[in-house]
Participant: 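Right, I'll just put the structure down here and ask away after.
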Amino acid sequence: MSVSKRISNWFNERLKLDELPFFRTPDYMYHVSDWLGALVAAAFMYTVISGLILLLYYDPDNGYASTQFIINQVPYGSVVLYSHLYGAYAMIILAYIHMFRNYFVGAYKKPRELLWILGVFLLVLTMGASFFGYSLIGDVLATSAVDVGAGIIESIPGMQWLVPFLFGNYDNGQYGRVLAWHIIFVALIGLLFAFHFFLAESYGMMPSRKVKSKAPAVYTREEWMKFNPWWPRNFVYMLSLILMTWGFILIIPNALAYLNGLPQYYNPFLNPKPAPPPTSPLAATVTTYPPWFFLFFYKIADFSSNVLLDLSIGAIIPLVYLILLPFLDRSEELHPLSRKIFTGIGILMIIYLIQTTLWGDIAPGVPVAFKCQVVALLPPAVIVAIGLWILPSKKSSEGPKVKHSFLHLGKALAPLAILGFAVVSLLFVGGLAEFVNYPSPTTLAILLPIASLFVIGAKRIAPIILRMEQQQTSSTPSPEVSKLEMKKKFAQYIIVVLFVLSLVLMVTLWTIPPTGYESNMFGVDLGLIFVMWGEAISLYHYIVYKKPNESYE
């Protein structure tokens with residue numbers, strides 16, 4: 001028995017992991033698109049952990065000065081603060097992706113109605129917690145965001161009392177009330193998430209439409225018991241996703257911290273550093289924005305002078321629609337083209353969300369005449385309607401045939417892919433060496449895209465190379481087994497490479513100053529290590545658990 005198997009059995013016996021009421025997973029579901037909820041949970045976990053660290057140093061009675069203290073005086077404080085901020089951003093983006101993916105596959109249908117509704121409430125709570133957390137920075141942008149929120153509430157008749165209740169004495173730099181609401185919202189997310197998680201585990205992931213073409217799309221108990229138990233395969237796969245999510249949450253903001261001189265309209269999206277305090281003369285030079293995740297509503301508020309109407313268009317109607325969706329779409333069909341009205345509404349919600357967000361960034365606070373609103377919003381609706389009308393309706397049982405075409409495409413591109421991967425590998429090694437010797441924004445900016453290409457190429461080149469090898473050994477008696485074994489050998493080599501590279505980065509971690517301009521390199525390096533470990537565990541999952549007869553559906 002292998003060492004890993006003995007360790008797995010040891011934990012299994014002591015913790016009785018096989019008896020946990022968690023979903024058993026069929027072989028074909030080990031793809032990121034089926035685990036988007038795990039990515040959201042990973043971002044939430046990271047944000048909570050980093051938030052607890054920040055809570056040790058944050059003084060709510062002196063918000064802006066406290067933020068500056070964390071960034072400039074606390075060892076690696078800027079790494080924790082920036083990644084905490086982007087952890088919340090990642091959670092919002094992943095929650096949107098998770099929600100709309102489930103929207104289009106019909107994962108809100110029976111018996112998952114309550115699961116869907118809880119997910120919508122979780123998104124609302126996430127937006128609320130992020131808003132209060134964003135305001136804790138205390139800079140001119142945060143103060144402006146609270147001003148906008150307070151102004152909206154004050155314009156609603158009879159609701160003025162709510163402003164001091166929610167925000168306290170924030171305009172004097174005191175954020176005790178804001179911090180309290182931030183923590184309350186996070187606690188509510190944790191409670192609802194636990195309920196959401198256990199409901200998801202009880203129903204299981206949404207089966208493929210080839211397996212279950214209509215609602216209710218759930219596996220029977222007999223089918224379920226044939227699948228892979230939660231321990232250890234699901235745990236290993238989930239751990240790889242968590243580490244990679246944490247890695248990117250660390251890499252992106254700490255790399256962006258070295259970008260200076262960005263145009264103003266990039267700041268709401270890219271700049272993790274605080275703006276000047278509201279009392280500074282520099283504050284007058286900053287165009288005030290709400291947090292980027294509320295830019296869509298900020299623009300919709302320019303559509304009219306009636307706050308209640310704007311609230312209805314931008315928030316109340318979409319939320320009510322999403323909550324009632326399981327009761328509005330009563331058909332059993334799961335294919336999006338069998339639910340054209342709801343599919344069209346979903347596509348328009350995404351388009352309008354992106355459109356008004358970018359519009360709010362480019363022209364914040366600029367009133368929009370009704371004619372301009374029609375010109376901007378009507379064409380997407382017409383195009384989506386015509387497109388869905390032209391496309392034929394499909395039954396859910398009609399499965400995708402894309403993967404087979406990808407196989408042929410990969411076969412045709414194999415020589416070019418191998419050559420390209422060899423070039424990228426050389427560039428990656430050279431870029432990494434240059435960055436380790438001369439860490440700077442320039443060398444980092446060169447290394448990051450090359451590293452991304454290397455990781456992507458390493459995953460994609462393996463099947464291409466092995467396909468060529470299979471052609472040379474087509475006379476072997478068990479081609480599928482032989483092909484899989486060669487892939488696993490290639491994966492083992494990549495694990496060794498990733499392990500060596502992570503060791504190199506771990507050595508460099510201790511040479512990075514804990515404060516100052518270079519300290520954010522710690523976050524970049526640590527993020528790269530997490531990504532490499534996550535990728536290595538993903539490859540380990542492939543080597544140990546991948547079966548020759550695993551099907552795509």
Side-chain angles (χ1 to χ4, degrees), residues 21-38 96-123 195-228 230 234 318 320-350 384-385 387-405 549-553:
F22 289 163
F23 177 65
R24 289 173 173 260
T25 309
D27 293 336
Y28 71 87
M29 279 193 178
Y30 292 99
H31 301 282
V32 175
S33 59
D34 291 313
W35 291 73
L36 290 170
Y96 268 126
I97 296 173
H98 180 45
M99 183 185 74
F100 279 114
R101 186 262 184 191
N102 285 340
Y103 180 100
F104 290 115
V105 301
Y108 53 81
K109 291 176 178 287
K110 184 181 179 180
R112 297 182 174 83
E113 299 98 325
L114 184 57
L115 185 66
W116 169 265
I117 294 170
L118 285 173
V120 175
F121 281 120
L122 277 170
L123 176 63
F195 194 16
H196 184 78
F197 173 77
F198 281 105
L199 274 181
E201 290 295 325
S202 65
Y203 298 136
M205 295 181 190
M206 188 85 170
S208 162
R209 284 198 297 271
K210 272 193 172 181
V211 180
K212 306 286 180 183
S213 60
K214 294 184 177 180
V218 290
Y219 285 107
T220 63
R221 184 73 180 173
E222 291 73 21
E223 292 170 322
W224 193 357
M225 294 309 293
K226 298 175 184 175
F227 300 153
N228 304 298
W230 181 83
N234 284 12
V320 171
Y321 167 74
L322 290 172
I323 291 170
L324 295 180
L325 178 63
F327 312 104
L328 297 174
D329 182 4
R330 306 294 295 175
S331 71
E332 296 179 343
E333 292 293 335
L334 296 176
H335 198 291
L337 290 181
S338 297
R339 303 178 280 123
K340 288 188 175 181
I341 293 177
F342 298 99
T343 299
I345 294 173
I347 294 173
L348 283 177
M349 289 179 78
I350 296 174
V384 169
L388 289 174
W389 179 69
I390 293 174
L391 290 173
S393 296
K394 290 186 178 181
K395 295 181 179 179
S396 296
S397 56
E398 294 180 14
K401 300 178 180 178
V402 178
K403 292 182 173 64
H404 298 291
S405 62
N549 59 349
E550 280 191 9
S551 62
Y552 287 113
E553 299 296 338

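Heavy-atom basis, side chains included; hydrogens, waters and symmetry copies ignored. Position 1 is the first residue of the sequence, and the numbers go up from there.
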Participant: Atom CZ of residue position Phe104 - does it have more than 12 heavy atoms of other residues, nucleotides or ligands inside 6.0 Å?
Facilitator: yes
Participant: Looking only at heavy atoms, which two atoms of Pro216 and Pro111 are closest? And how far apart?
Facilitator: CB-CD, 3.9 Å
Participant: Does any non-hydrogen side-chain atom of Arg112 lie less than 4.5 Å from one of Asn102?
Facilitator: no
Participant: Return the set of residues passing side-chain contact (heavy atoms from CB on, under 4.5 Å) with Tyr321 (not counting sequence neighbours), or none when no residue passes.
Facilitator: Tyr103, Leu325, Leu328, Phe342, Ile345, Met349
Participant: Would you please name every residue forming a side-chain hydrogen bond (donor to acceptor under 3.5 Å, both in side chains) with Tyr203, sequence neighbours left out?
Facilitator: none
Participant: For Ala215, what residues pass the side-chain contact (heavy atoms from CB on, under 4.5 Å) criterion, not counting sequence neighbours?
Facilitator: Lys109, Leu334
Participant: Could you go through the side chain to side chain donor-acceptor pair (under 3.5 Å) check for Asn228 and Asn234 one step at a time?
Facilitator: CA-CA 8 Å; Asn228 304 298; Asn234 284 12; 5.8 Å; no
Participant: Sequence neighbours left out, what passes salt bridge (charged side-chain N to carboxylate O under 4.0 Å, His left out) with Arg24? Give chain and number order.
Facilitator: none
Participant: Thr343: which residues meet the side-chain hydrogen bond (donor to acceptor under 3.5 Å, both in side chains) condition with it, sequence neighbours left out?
Facilitator: none
Participant: Can you list everything that forms a side-chain hydrogen bond (donor to acceptor under 3.5 Å, both in side chains) with Thr220? Sequence neighbours excluded, please.
Facilitator: Glu223
Participant: Between OH of Tyr28 and NZ of Lys210, what distance do you get to the nearest 0.5 Å?
Facilitator: 11.0 Å
Participant: Atom CG of Leu324 and atom CD1 of Ile117: how far apart are they, to the nearest 0.5 Å?
Facilitator: 8.0 Å
Participant: Give, for atom CE of Met206 and atom OG of Ser33, the distance between the pair rounded to the nearest 0.5 Å.
Facilitator: 13.0 Å
Participant: So does Phe227 get a backbone contact from the side chain of Tyr219, meaning a donor-acceptor N/O pair under 3.5 Å?
Facilitator: no
Participant: According to ring pair (Phe, Tyr, Trp, His ring centres under 6.0 Å), who are the partners of Trp116, at least two apart in sequence or on a separate chain?
Facilitator: Tyr108
Participant: For Arg330, enumerate each residue passing the side-chain contact (heavy atoms from CB on, under 4.5 Å) test, keeping only those at least two apart in sequence or located in another chain.
Facilitator: Phe327
Participant: Just to verify, what does Asp34 make a side-chain hydrogen bond (donor to acceptor under 3.5 Å, both in side chains) with, not counting sequence neighbours?
Facilitator: Arg101
Participant: Apply ring pair (Phe, Tyr, Trp, His ring centres under 6.0 Å) to Tyr96 and list each qualifying residue two or more places apart in sequence or on a separate chain.
Facilitator: none
Participant: Got Trp224 and Val218 here, is their nearest side-chain heavy-atom distance under 4.5 Å?
Facilitator: no
Participant: Given the rule in the ring pair (Phe, Tyr, Trp, His ring centres under 6.0 Å) test, do Phe197 and Phe22 qualify, once you have shown the distances and angles that lead to the verdict?
Facilitator: CA-CA 10 Å; Phe197 173 77; Phe22 289 163; 5.6 Å; yes
Participant: side-chain contact (heavy atoms from CB on, under 4.5 Å) with Leu391: which residues, sequence neighbours excluded?
Facilitator: Leu337
Participant: Would you say CD1 of Ile341 has more than 12 non-hydrogen atoms from neighbouring residues, nucleotides or ligands within 6.0 angstrom?
Facilitator: no
Participant: Which pairs, with at least one residue in residues 338-347 and sequence neighbours excluded, count as a salt bridge (Lys or Arg N to Asp or Glu O under 4.0 Å)?
Facilitator: Asp329-Arg339
